[in-house]
Protein chains: 2
Amino acid sequence: MDNNITRFEELLVKNGLKRTGARLQVLEILSGRDSATSQPYLEQVMGKVVDRVTLYRVLQAFEEKGIIHKVLDSHGTANYAICSDGCDAHQHHDEHVHFDCDNCHKIYCLESVKIPVPKVPSGFKVQHLNLIATGICSACTDKVN
Amino acid sequence: MDNNITRFEELLVKNGLKRTGARLQVLEILSGRDSATSQPYLEQVMGKVVDRVTLYRVLQAFEEKGIIHKVLDSHGTANYAICSDGCDAHQHHDEHVHFDCDNCHKIYCLESVKIPVPKVPSGFKVQHLNLIATGICSACTDKVN
DNA sequence: ACATATTTGCAACATAATTGCAATAACATG
DNA sequence: CATGTTATTGCAATTATGTTGCAAATATGT
Ligand SMILES: [Mn+2]
Ligand SMILES: [Mn+2]
Ligand SMILES: [Zn+2]
Ligand SMILES: [Zn+2]
């Protein structure tokens, strides 16, 4: 229909969400970064043009639709990253390792790294795994050398 | 009970902490439970006898001394459990798996379950691992059957 | 019992997140 | 392109978690 429609707008429509400025802006920001983006950072860069509450609702809607996923860092701060693929409103499939760099404090989605399944005591039924590794990221390691 | 008091008092003294009511009460509560205890729960059961701020400071001191460790659940809520191993002021070594039950919402320290080390891309240097498994705990599984 | 360093309570502040409601904007329909 | 319906937003208020400064209280060695 409309060839001007961007891929973000398609994503919104596909998920039954109206294409509003706030939503497009969040998608723009998140997709332009190589690591997860914290809620405080988002709130700061989006400024007062978009209300805090709207940002929270946008993030919540995106998470529910499987457009983004949330990663809590070691301080409990919410960080968001675009889901790579296959996630939808019914299920997220991004059980990859997240890497929290002690130096630059970026949180990387290590999409290719599956979480190794631990052997839990009998009786415990594991449904989801969430592994956060902390240390020094590749970029920071390079800088030092 | 009296034995406990003595044991806890020794623990405090050993760590250069004065044995105060608030600290002993926190140790009592945490040690009497089979799973990690959330800050909100602690605040509730300790009531207004102990100020919120004092509770925060007690928890912070205990964590620094290696007496307890903090586990953030999937909502980012702080939960605390007594350290089993020889943790001290210089280092925690309780990198065990934590199990967050979807049913009873208890967080278990699976002391015996080490976190399997993931293979991260070259350049990334892992220093710590934090794995939280969610699912149904042993007690809840039993109840259903 | 006394001196002193630690610990506590209080008040104030900071930040993250949620809710209800009214105003507004998106968009399907004609 | 005007209009009606519905989703979305902004605003104000509220809740929850956590921190800081400071003065009062208390634990402890002497
Ligand atoms: Mn991710
Ligand atoms: Mn533990
Ligand atoms: Zn880094
Ligand atoms: Zn359970």
Side-chain angles (χ1 to χ4, degrees), chain A residues 1-2 4-6 8-27 36-65 67-68 70-80 89 105 107, chain B residues 5-6 8-27 36-65 67-80 89 105 107:
Chain A
M1 272 207 175
D2 195 338
N4 272 356
I5 203 167
T6 72
F8 293 149
E9 289 176 323
E10 278 175 22
L11 186 60
L12 291 179
V13 172
K14 191 178 76 183
N15 283 282
L17 299 172
K18 293 184 176 174
R19 38 192 175 159
T20 67
R23 285 170 177 166
L24 289 170
Q25 199 185 343
V26 168
L27 289 176
T37 305
S38 72
Q39 187 281 332
Y41 177 85
L42 278 170
E43 189 173 324
Q44 185 201 306
V45 301
M46 308 218 1
K48 51 180 163 45
V49 184
V50 173
D51 191 82
R52 283 168 41 76
V53 178
T54 299
L55 174 57
Y56 280 112
R57 291 194 270 228
V58 166
L59 293 171
Q60 193 182 306
F62 283 1
E63 201 183 356
E64 279 168 14
K65 296 294 187 179
I67 296 172
I68 64 177
K70 172 160 57 176
V71 190
L72 298 182
D73 66 20
S74 55
H75 306 299
T77 302
N79 287 259
Y80 297 91
H105 301 106
I107 296 183
Chain B
I5 298 290
T6 307
F8 295 150
E9 287 178 333
E10 276 175 21
L11 186 60
L12 291 180
V13 172
K14 192 178 76 184
N15 283 283
L17 298 172
K18 294 186 175 173
R19 36 193 177 163
T20 66
R23 286 170 177 166
L24 289 170
Q25 198 185 343
V26 168
L27 289 176
T37 306
S38 72
Q39 187 281 333
Y41 176 84
L42 278 170
E43 189 174 325
Q44 185 201 305
V45 301
M46 308 219 0
K48 50 181 163 45
V49 183
V50 173
D51 191 81
R52 282 168 34 78
V53 178
T54 299
L55 174 56
Y56 279 110
R57 290 195 270 228
V58 165
L59 293 171
Q60 193 181 305
F62 283 2
E63 202 184 356
E64 280 168 13
K65 297 294 186 180
I67 297 173
I68 64 176
H69 61 279
K70 171 157 62 173
V71 190
L72 297 182
D73 67 19
S74 54
H75 305 300
T77 302
N79 288 257
Y80 297 90
H105 301 107
I107 296 183

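Proteins come first, then strands; the chains are lettered A, B, ... in the order of their sequence lines, and each starts at number 1.
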Side chain of A:Tyr56 (C-beta onward), nearest among C:dT7, C:dT18, D:dG10: C:dT18

For A:Lys18 and A:Arg52, find the nucleotide of DNA chain D closest to each by heavy atoms; which residue's nucleotide sits nearer the 5' end? A:Lys18

Out of A:Val26, A:Leu27, A:Val13, which residue meets the side chain to side chain contact (heavy atoms under 4.5 Å, CB included) rule with A:Phe8? A:Leu27

Side-chain atoms of B:Ala78 come closest, of D:dG18, C:dT8, D:dT19, to D:dG18

Whole angstrom is fine here: how far is it from CG in A:Asn15 over to C1' in D:dA7? 15 Å

Just checking B:Val13: base, sugar-phosphate only, or nothing, at a heavy-atom cut-off of under 4.0 Å? nothing

Does any non-hydrogen side-chain atom of B:Asp51 lie less than 4.5 Å from one of B:Tyr56? no

B:Gln39 near the nucleic acid: base, sugar-phosphate alone, or nothing, with a heavy-atom cut-off under 4.0 Å? sugar-phosphate

Which nucleotide wins on minimum distance to the side chain of B:Thr20, given the candidates C:dT18, C:dA26, D:dA27? D:dA27

So what does A:Arg23 hit on the nucleic acid, given a heavy-atom distance under 4.0 Å: a base, only sugar-phosphate, or nothing? sugar-phosphate

Of the listed nucleotides C:dT18, D:dT9, D:dG21, the one nearest the side chain of A:Val53: C:dT18

For B:Arg19, which contact category applies under a 4.0 Å heavy-atom criterion: base, sugar-phosphate, or nothing? sugar-phosphate

So for B:Arg57 and C:dG9, does any side-chain atom that can act as donor or acceptor lie under 3.5 Å from a complementary atom in the base? yes

Supply the atom-to-atom distance A:Glu43 CD to A:Thr54 OG1, rounded to the nearest 0.5 angstrom. 11.0 Å

Find the distance B:Leu55:CG to D:dG18:C1' and express it as a whole number of Å. 11 Å

